[in-house]
Amino acid sequence: MPLFKRKPFDLAKPPEDLEPSELVYQVRFTKEIFRDYQYPKLKYFNNYNHYFFFHGIREYLNRINLYRQRVWMCKSTGKSNLTYEEAMVMEKNAIQKVQQLPNDLVAPALRIIQFSKNQSTTLLTKDLVVILIRLPLPSFLACILRFSIFNSLFNLFTAFVQLCQITSGFLTGMLSLRDLADLVTKKLQKDLFVGAELYGKKDDGLYPCRVLKIVENGVGKMQYEVALLGENKKITENAILHGEDLVWKKTPFNRKILKSFIRESTCRSIPWVLHEKLAQKHGISTDLPEELRSKFFLQGGQLVNRTKKRKNENRNNVGEANGESGKSKRNKGETGKPDASKEENNQPEDEPVRYPIDDLLVKPGPDDPLFTGRPSPSRDFNVPMDCIGDLLMVWDFCSSFSRVLNLWPFSLEDFENAICHKDSNLVLIVETHSALLRILIKDDGEYSLALQNKKRKSKISLITWTEYVCDFLEMINVTELCSCMTTIKRGHYGLLDANAKLGILRELVCHALETDLIRGKLDDLIEQRRALGATVRGEALEYARKKREEKEQLKGESNGLVVKENSMESTGSNPHMAENGEENGDMVEEVISSRQSNAFVNSRKQLNGQSKKGEKQKLDPKVEAENITNSNEKEAQKQLTGEKKEDQEKKSKEKREQRKEYFKREMEKRSIRTNPLGKDRDYNRYWWFRRDGRIFVESSDSKQWGYYCAKEEVDALMSSLNPKGERERALQQQLEKFYPRISLELQKRSKDLAQKIALEEAVLRRSTRVRAPPRENPANAFLKYVNKWKED
């Protein structure tokens with residue numbers, strides 16, 4: 001089972017007195033059963049690593065939220081930061097891999113694992129370096145100081161032993177998981193078993209072989225009867241080899257599998273102790289070695305640390321002397337929390353639910369807005385309800401690939417009316433079948449070969465199109481559709497029901513999708529979408545780069561102005577020095593010392609300052625007037641430049657928005673497939689086709705269909721969705737994203753519908769006295785369909 005905070009976690013027990021007809025909540029992956037949906041607050045005490053559920057209620061929602069948090073750890077692999085379900089799957093896969101360990105190696109491996117410990121007397125230089133790296137910083141510095149003082153190997157060893165005593169006896173401690181896995185791997189390579197496939201040394205060569213029998217001789221060395229293997233692992237000859245002559249080129253297990261095996265087999269790691277039943281099964285002793293009896297003892301079949309036990313007893317005795325139990329004192333003194341028994345008497349607050357959650361689990365709350373009733377979709381289709389899916393699929397395919405099919409686009413309503421019409425040679429139906437059949441003929445596939453065998457022409461006409469349809473039905477050999485061939489051959493295609501007509505078109509579309517022409521078109525669309533995405537990213541990067549350059553330029557200009565002002569002040573304060581700097585410098589170098597030169601410069605500065613003050617006092621009124629005019633001009637220029645910048649920014653922003661809209665339109669033109677907008681809480685799917693405008697609703701079992709054709713219905717649908725649910729929140733976001741386009745298409749549709757009704761009424765009210773020709777009924781527009789892209 002997965003670990004919580006590296007500790008075992010107990011599953012909830014089923015509630016008592018459950019009735020057979022009682023409705024309960026069940027966790028899918030743990031099979032836990034709960035009566036209530038929302039549970040009281042879960043309290044966690046850090047000192048005890050334990051959970052307390054107040055009032056004895058373990059409710060469903062909090063447990064689900066806990067399982068979804070990434071606080072779980074896989075017991076077999078040791079990987080953390082997982083959800084409960086991810087840890088379960090990983091643990092299951094690890095157990096399956098652990099079972100790949102050969103059965104003959106399980107018992108030897110378990111004997112090595114039981115009570116494994118380090119050998120403190122055999123230290124290598126590599127071990128010293130590894131231990132130094134793992135030490136904390138103060139101990140590491142102390143060790144370095146001691147090594148710098150003692151140079152001899154003996155002094156180094158004694159200093160290291162003292163250091164290890166400081167760090168709680170690291171050398172005499174237990175093996176880590178990685179070191180234990182290396183130790184087991186190293187020892188198991190020497191243990192050969194019957195059936196092991198490895199390599200044997202014979203006649204100065206290595207040959208693949210399989211161990212057939214273990215032969216013991218009196219000397220104490222093991223000999224093995226092996227079968228040398230040739231091609232396809234066929235036995236060529238038998239031989240008897242010593243253990244040194246047999247080598248593994250690849251062990252039958254790796255370190256990862258061995259680590260999982262160790263975790264599954266042990267109940268604790270300090271020291272490593274096997275599960276009692278597993279040790280008894282393989283005949284491994286559970287008695288403590290002598291070197292561990294001073295630190296541990298067995299109590300109730302479990303290993304107990306003597307020092308920890310003694311500390312806990314002392315702490316409990318102190319607590320009892322103060323009139324408190326050890327447990328309540330720790331809760332109050334160390335964690336700063338009141339006693340758990342006192343908290344049980346107070347009603348804890350419910351933990352808030354983290355939305356969104358599954359839609360079926362959402363319950364109404366006091367802070368919920370007023371959701372409007374969901375409008376019922378219209379279901380006035382001309383074709384049967386079970387044919388709506390095929391109708392939409394065929395129409396969407398013909399509309400999406402109309403250029404490739406050389407088929408002039410038609411509306412969904414015209415296509416639906418044409419399917420229901422009883423005319424056998426309706427132009428819209430004939431052109432649709434002919435376009436799909438031409439794609440199959442151009443592909444040079446099975447259908448084109450069938451036509452060649454029958455010596456048919458590649459040109460399909462209004463008279464011969466039914467023959468090509470019958471050839472296609474013979475090729476696919478679908479019993480439900482083959483029964484329609486006799487009716488089609490007689491020239492009564494229009495008498496077929498809508499199911500048969502749409503079934504034939506569905507099979508044609510499915511075969512057309514497998515042709516090279518359609519697949520090439522799809523590849524082109526994918527490449528074009530990638531190119532558009534690359535240009536969008538490139539423009540975004542270019543815009544960001546320009547922004548960075550402008551910021552850096554502004555920073556540089558501000559820094560340059562500051563430097564320029566400082567330099568002007570320094571040079572303007574002493575103009576004579578600036579003009580005659582070279583002569584003064586030469587005089588200073590030749591005549592006077594450094595101190596005298598400083599005094600000379602200071603005196604010149606004072607004289608220049610006094611003269612400047614006199615000049616400023618004389619020119620103050622003129623200078624002030626000039627400064628005022630200059631400041632006004634600068635402010636006016638700043639305003640103009642600021643306005644120009646704002647205008648430029650607005651224009652650039654408008655251009656960027658236009659470019660975004662352009663890219664969106666281009667991406668939509670190159671759409672590969674139509675995906676549903678989303679699902680509601682009952683798993684009903686919502687479809688929107690941009691060439692039709694309506695929003696179609698498909699039930700979860702695909703048996704019922706409906707549609708919304710008015711903007712008010714879409715508004716009511718959006719206001720009825722609850723964003724606390726996962727599915728309805730995603731559906732609401734998609735509807736908000738496409739809402740401007742959906743509302744625009746629906747408004748156009750409602751206007752067209754109003755005009756259609758007005759025309760129908762005008763036809764009915766037409767007076768017999770008027771001899772003008774009657775207006776055409778828009779409902780019969782499909783009868784006058786013309787394929788303007790038809791191939792010659």
Side-chain angles (χ1 to χ4, degrees), residues 81 137 528-586 588-589 594 597-668 733 736-737 740:
N81 196 26
L137 184 61
Q528 291 173 12
R529 289 173 67 90
R530 286 178 180 171
L532 284 172
T535 52
V536 169
R537 290 191 294 272
E539 288 185 2
L541 292 173
E542 183 68 19
Y543 176 72
R545 185 184 63 79
K546 287 181 179 179
K547 281 289 184 183
R548 286 196 300 271
E549 288 179 356
E550 287 178 1
K551 288 182 180 179
E552 291 174 359
Q553 188 176 359
L554 288 173
K555 287 182 181 179
E557 288 177 357
S558 62
N559 294 332
L561 287 172
V562 172
V563 171
K564 191 173 180 180
E565 289 175 359
N566 293 334
S567 62
M568 289 292 291
E569 289 176 1
S570 60
T571 55
S573 62
N574 198 349
H576 297 288
M577 292 290 292
E579 292 175 359
N580 304 323
E582 295 180 359
E583 295 178 3
N584 293 334
D586 295 336
V588 167
E589 288 178 1
S594 60
S597 65
N598 289 332
F600 174 74
V601 170
N602 291 330
S603 62
R604 291 292 300 272
K605 282 183 179 181
Q606 290 175 1
L607 291 173
N608 290 331
Q610 289 175 1
S611 63
K612 277 191 173 184
K613 284 180 183 179
E615 290 176 359
K616 282 182 180 179
Q617 287 175 1
K618 292 177 182 178
L619 300 174
D620 273 342
K622 295 181 180 180
V623 171
E624 286 180 0
E626 290 177 358
N627 290 336
I628 290 168
T629 54
N630 291 332
S631 62
N632 293 333
E633 290 177 358
K634 287 180 180 179
E635 288 178 0
Q637 288 178 358
K638 284 182 179 179
Q639 288 179 358
L640 290 172
T641 54
E643 291 176 357
K644 287 181 180 179
K645 284 184 178 180
E646 288 180 358
D647 293 337
Q648 289 177 357
E649 288 179 358
K650 286 181 181 179
K651 289 180 180 178
S652 62
K653 190 175 181 181
E654 289 176 358
K655 286 182 181 179
R656 289 198 306 273
E657 294 295 331
Q658 290 175 0
R659 292 288 291 174
K660 285 182 181 178
E661 292 297 328
Y662 166 75
F663 284 123
K664 283 182 181 179
R665 289 194 301 270
E666 293 299 318
M667 292 289 274
E668 287 177 0
Q733 289 175 354
E736 290 174 354
K737 178 181 178 182

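Atom set for the values below is all heavy atoms of this structure, side chains included, hydrogens, waters and symmetry mates excluded.
- Distance check: Glu666 CD to Lys664 NZ gives 14.0 Å after rounding to the nearest 0.5 Å.
- In terms of heavy-atom proximity, Met667 sits nearest to Arg529 at O-NH1, 3.0 Å.
- Using a 4.5 Å heavy-atom threshold, the side chains of Arg659 and Tyr662 count as touching.
- Here the options are Lys650, Lys655, Arg656, the test is side chain to side chain contact (heavy atoms under 4.5 Å, CB included), and the partner is Ser652; only Arg656 passes.
- Between Glu549 and Arg545 a salt bridge is recorded (basic side-chain N to carboxylate O distance below 4.0 Å).
- Taking each heavy atom of Arg537 and Arg530 in turn, the nearest pair found is NH2-O, 4.5 Å.
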Verdict with reasoning, Gln733 to Lys737, per side-chain contact (heavy atoms from CB on, under 4.5 Å)
CA-CA 6 Å; Gln733 289 175 354; Lys737 178 181 178 182; over 6 Å; no

